[in-house]
Amino acid sequence: MHINMVAPCLMGVEGLVSDELKFMGAENVAAENARVFFEGDENILARANICSRFSERILISLGRFSARTFEELFQGVKALPWSDYIGVRDTFPVKGFSLGSALHSVPDCQKIVKKAVVESLKESYGVTWFEETGPVHQIQFSIMKDEVCIMLDTSGTGLHKRGYRPVGNEAPIRETLAAAMCCLSKLRHYHTMYDPFCGSGTVAIEGALLANNIAPSVNRGFEAERWGLFDGAVWKNERERAGALVKTDTDFIAFASDIDPRAAELTEANAKRAGVGNFIKTKVADIKDFSPVTERGTLITNPPYGERMLDIKEAQKIYTVMGEKFTAKKGWSYGIISPDEQFEKFFSRKADKRRKLYNGMIKCQYYMYFR
């Protein structure tokens, strides 16, 4: 079965999603703002769900068309092959968004899309009522500049929910963003990693998963597995394939520390749950006492900042201490995410490279130092 798919992602990581999908064997990969379109069979669909580190979810793209009126939206949606995916008892809620389009009322668009799907399925199944008691087929629509994209969510719970973090600390970083930071810092299986603001351990855990090539979602389930549309062997085979690709003899180690004893405990518990507890060493430590125990290191961190946990002045004091502690030396690189445009001033060094990323809705810069 040839399937058109789309992977929504955080702004700024579209290139990383494109690269990983190509590496997985996806075809016709094309990045747009905050999403990447691609094609493949059911194996690629399962593989993308299980192995993608940076995608927020994997959707089937059923169709794209222009619509400036509700009638055009209705007819465009009704013409799609709904009965190929949705059974007579299945549940099919609708959600979506509209930006810069004539059809700007999201509730009205939801109603029209739902009505069009119902009418299509009525014709296919010869029934007048749908009980919607079966597996969920979440329909999503996006309308951008009058261009409609109609999709089906195969993931269910978002892919950033890996399953290892039932409880976060006060301001956890999204798992997909943490993975992106590790990738941008070129973290490898022979590196020693440091995170002196470990929080609930997300950055260190994502680093360990990446360095050891462990598929981030290999231990969780996906909504499409419940549809009965794809052979269960596909999912089983893809999980086995992911398992066979895990690096088993790496030198990777991560040192995760935090001033809060609860954060160190949480990191330890989450790392064990993620299956990477043996790669992560935790301790309670203040940033002013940061003293690496190795000659080389890849430091990747998400320090507390004004909009998140501290007032801006407190955050900027921490940046100053970081600048003193994170000295430029051979064998070391530092990756620090912050929304503070004055970060480099307080850190006392211009970054060798900057990358715009979003932590939720907060626009940040990922400051990279490696010279």
note = Between the CG atom in Leu299 and the NZ atom in Lys325, the distance rounded to the nearest 0.5 Å is 13.0 Å

inquiry  = Is the shortest side-chain heavy-atom distance between Phe326 and Trp332 below 4.5 Å?
reply    = no

query = Hey, are the side chains of Ser55 and Glu20 touching, using non-hydrogen atoms and a 4.5 Å cut-off?
reply = yes

task = Taking Ser101 for its side chain and Leu103 for its backbone only, find out whether a donor-acceptor pair lies under 3.5 Å.
result = no

key: Donor-acceptor contact present, side-chain Thr154 to main-chain Ile58, <3.5 Å   = yes

ask   = Counting distance only, does the side-chain N/O of Thr267 pair as donor-acceptor with the main-chain N or O of Gly201 below 3.5 Å?
value = yes

message = Tell me if the CZ atom of Arg354 is crowded by more than 12 foreign heavy atoms within 6.0 Å.
response = yes

query = For the atom pair CD1 (Ile300) and CE (Met368), what is the distance rounded to the nearest 0.5 Å?
reply = 10.5 Å

query = How far apart are the C-alpha atoms of Arg239 and Glu225, what are their side-chain angles, what is the distance that settles it, and do they pass the salt bridge (Lys or Arg N to Asp or Glu O under 4.0 Å) test?
reply = CA-CA 13 Å; Arg239 285 190 173 93; Glu225 289 184 86; 3.0 Å; yes

ask   = Hey, is Arg355 close enough to Glu14 for a salt bridge, meaning N to O under 4.0 Å?
value = no

task = Using modelled atom types only, decide if a donor and an acceptor are shared between the side chain of Tyr367 and the backbone of Lys350 within a distance under 3.5 Å.
result = no

request  = Could you grab the distance from atom CD1 of Ile3 to atom CD1 of Ile44, nearest 0.5 Å is fine?
outcome  = 10.0 Å

ask   = Should the pair Phe130 and Tyr125 be assigned to parallel (<30°), tilted (30 to 60°) or perpendicular (>60°) ring geometry?
value = perpendicular

message = For the CG atom of Asn212 and the OG1 atom of Thr250, what is their distance to the nearest 0.5 Å?
response = 4.0 Å

query = Stepwise, does the salt bridge (Lys or Arg N to Asp or Glu O under 4.0 Å) test hold for Lys145 with Glu32?
reply = CA-CA 14 Å; Lys145 295 179 181 170; Glu32 292 187 3; over 6 Å; no

message = Quick check: Phe92 with Trp82 (ring centres under 6.0 Å apart)?
response = no

ask   = So, is the end of the Arg64 side chain (NZ or CZ) under 6.0 Å from the ring centre of Phe37 and within 45° of the ring's axis?
value = yes

request  = Please name the residue in the list Lys95, Gln140, His137 that meets the side chain to side chain contact (heavy atoms under 4.5 Å, CB included) test with Asp153.
outcome  = Gln140

key: Closest non-hydrogen atom pair between Gln110 and Val94, with its separation   = NE2-O, 2.8 Å

message = What's the separation between atom CD1 in Ile214 and atom CZ in Arg53, rounded to the nearest 0.5 Å?
response = 8.0 Å

task = Please check if the side chain of Gln138 supplies one atom and the backbone of Pro93 the other of a donor-acceptor pair under 3.5 Å.
result = yes

message = Nearest 0.5 Å, please: how far is CD in Glu56 from CG in Leu159?
response = 7.5 Å

task = Using the salt bridge (Lys or Arg N to Asp or Glu O under 4.0 Å) rule, take Glu119 and Lys115 through it: C-alpha gap first, then chi angles, then the decisive distance, then the call.
result = CA-CA 6 Å; Glu119 291 305 314; Lys115 185 181 174 191; over 6 Å; no

task = Compute the centroid of each ring, for Phe347 and then for Tyr319, and state whether the two points are separated by less than 6.0 Å.
result = no

request  = Taking the side chain as every heavy atom from C-beta outward, state whether Phe346 and Ile318 have any pair of such atoms under 4.5 Å apart.
outcome  = no

ask   = Would Lys353 count as a cation-pi partner of Phe370, with NZ or CZ less than 6.0 Å from the six-membered ring centre and within 45° of the ring normal?
value = no

message = I'd like to know if the side chain of Asn213 reaches the main chain of Lys247, judged simply by a donor and an acceptor atom lying under 3.5 Å from each other, with no hydrogens or angles considered.
response = no

key: Residue pair Phe197 / Asp260, side-chain heavy-atom distance below 4.5 Å   = no

Distance-only polar pair, side chains of Tyr164 and Glu206, donor-acceptor under 3.5 Å = yes

key: Carboxylate-amine/guanidinium contact Arg165 Glu175, below 4.0 Å   = yes

key: Electrostatic pair Lys317:Glu314 at N-O distance under 4.0 angstrom   = yes

query = If you measure only the distance, is there a donor-acceptor pair under 3.5 Å linking the side chains of Glu72 and Ser66?
reply = no

